[in-house]
2 protein chains.
Amino acid sequence: MWISLPSSYKDKKVISIGIASELTGLSERQIRYYEERKLIFPERSKGGTRKYSFGDIERLVDIANKMEDGMQTFEIRREEMKKSSVRNKMLRGQINAAFKMRE
Amino acid sequence: MWISLPSSYKDKKVISIGIASELTGLSERQIRYYEERKLIFPERSKGGTRKYSFGDIERLVDIANKMEDGMQTFEIRREEMKKSSVRNKMLRGQINAAFKMRE
DNA sequence: CGTGTAAGGAATTCTGACACG
DNA sequence: CGTGTAAGGAATTCTGACACG
């Protein structure tokens, strides 16, 4: 199975926290807290304001659902780390495969 | 030929003017002026701040190119109106076709 | 633990105007 | 015509803290 790296609009960090709040239904307080708990990683402007991508918005909605299900932040983080771990392994596999093809 | 109505990320108005300025390389002054000249149509937050979509960003870049080519704002607007006129005709055509199919 | 809130300050954006050309 | 800028004000966002539970 092949894994691709996403790009373009979905991953451009251009959304302020106020808009993110409207889009997700979460309070700004909640969104900042999830960042504190390492569940979300916005970029910052020079002035320090947070900037989110549509991908981040999707992740926030996902987080909101899991919180509703009674999951705690550390559990959600653990789950995400597992996923990215698997993803990294697959990417390494692809890179190795690419190198082999060059031989 | 079939025309489709776009949707999702590309058309959600979520980008503030500061980010729009960074993304396009245009000054905020320029972006506001093009709105005054009816070339771009951002939404507004309750408080009155402008919100642009990625589609708007593309349009701004397009406008910037045409301005560089020496085109004037009213010419660009005229050009856009022609395009949307053609598009509307085609959409009406589709709607008519759909109605005929139901008969 | 997760979230609300008041507090004070800083960054961002807004409008109308004057300037230049 | 198209754009820069200084001006004053309003909207937005930031952080650290206290509160509740």
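All heavy atoms count here, side chains included; hydrogens, waters and symmetry mates do not. Every chain is numbered from 1 and lettered A, B, ... according to where its sequence line falls, protein lines coming before strand lines.
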Exercise. Counting heavy atoms from C-beta on, name the nucleotide in dT3(D), dG4(C), dT13(C) closest to the side chain of Tyr33(B).
Key: dT3(D)
Exercise. Would you kindly give the CD-to-C1' distance between Glu35(B) and dG2(D), to the nearest whole Å?
Key: 16 Å
Quiz item: By side chain to side chain contact (heavy atoms under 4.5 Å, CB included), which residues pair with Ser21(B), not counting sequence neighbours?
Solution: Glu28(B), Ile31(B)
Self-check item: Any residue of residues 61-69 of chain A with a heavy atom less than 4.0 Å from an atom of DNA chain C
Solution: Met67(A)
Quiz prompt | Residue list, salt bridge (Lys or Arg N to Asp or Glu O under 4.0 Å) with Lys13(A), at least two apart or on another chain | solution = Asp56(A)
Quiz item: Going by number, which of residues 37-50 of chain B have a non-hydrogen atom under 4.0 Å from DNA chain C?
Solution: Arg44(B), Gly48(B), Thr49(B), Arg50(B)
Quiz item: Nearest-Å distance, CD1 (Ile19(B)) to P (dT12(D))?
Solution: 15 Å
Kindly give the atom pairs (protein nitrogen or oxygen, nucleotide nitrogen or oxygen) under 3.5 Å for nucleotides 5-7 of chain D.
from, atom 1, to, atom 2, distance (Å)
dT5(D), O4, Arg29(B), NE, 3.3

Self-check item: Pairs satisfying salt bridge (charged side-chain N to carboxylate O under 4.0 Å, His left out), at least one member in residues 15-27 of chain A, at least two apart
Solution: Glu22(A)-Lys46(B)
Quiz item: Is there any ring-ring contact (aromatic ring centres under 6.0 Å, His included) pair reaching into residues 12-47 of chain B, and which pairs are they, with sequence neighbours excluded?
Solution: none
Quiz prompt | Ile31(B) CD1 - dG4(D) P separation (whole Å) | solution = 11 Å
Self-check item: Phosphate OP1/OP2 of dT12(C) contacted by Ser16(A) side-chain N/O (<4.0 Å)
Solution: no
Exercise. Could you pull out all residues at least two apart from Phe54(B) that satisfy ring-ring contact (aromatic ring centres under 6.0 Å, His included)?
Key: Tyr9(A)
Quiz prompt | Residue list, side chain to side chain donor-acceptor pair (under 3.5 Å) with Thr24(A), at least two apart or on another chain | solution = none
Self-check item: Euclidean distance, atom CG of residue Leu26(B) to atom P of dT13(C) [Å, nearest integer]
Solution: 15 Å
Self-check item: Distance below 4.0 Å between Tyr34(B) side-chain N/O and dG2(D) OP1 or OP2
Solution: no
Self-check item: Partner residues of Glu35(B) under the side chain to side chain contact (heavy atoms under 4.5 Å, CB included) criterion, sequence neighbours left out
Solution: Ile40(B), Pro42(B), Arg44(B), Arg50(B), Tyr52(B)
Exercise. Could you tell me the separation between the CZ atom of Arg32(B) and the P atom of dT15(C), rounded to a whole number of Å?
Key: 7 Å
Self-check item: Strand DNA chain C as a dot-bracket string - pairs counted if Watson-Crick or G-U with both distances under 3.5 Å, | where the partner lies in another strand
Solution: .||||.||.|.|.||.||||.
Do any side-chain atoms of residues 63-74 of chain A form donor-acceptor pairs under 3.5 angstrom with protein atoms, and if so which ones, sequence neighbours left out?
from, atom 1, to, atom 2, distance (Å)
Lys66(A), NZ, Asp62(A), OD2, 3.0
Lys66(A), NZ, Glu79(A), OE1, 2.5
Thr73(A), OG1, Arg37(A), NH1, 3.0

Practice problem: By nearest nucleotide on DNA chain C, pick out whichever of Glu28(B) and Glu36(A) is the more 5' one. | Solution: Glu36(A)
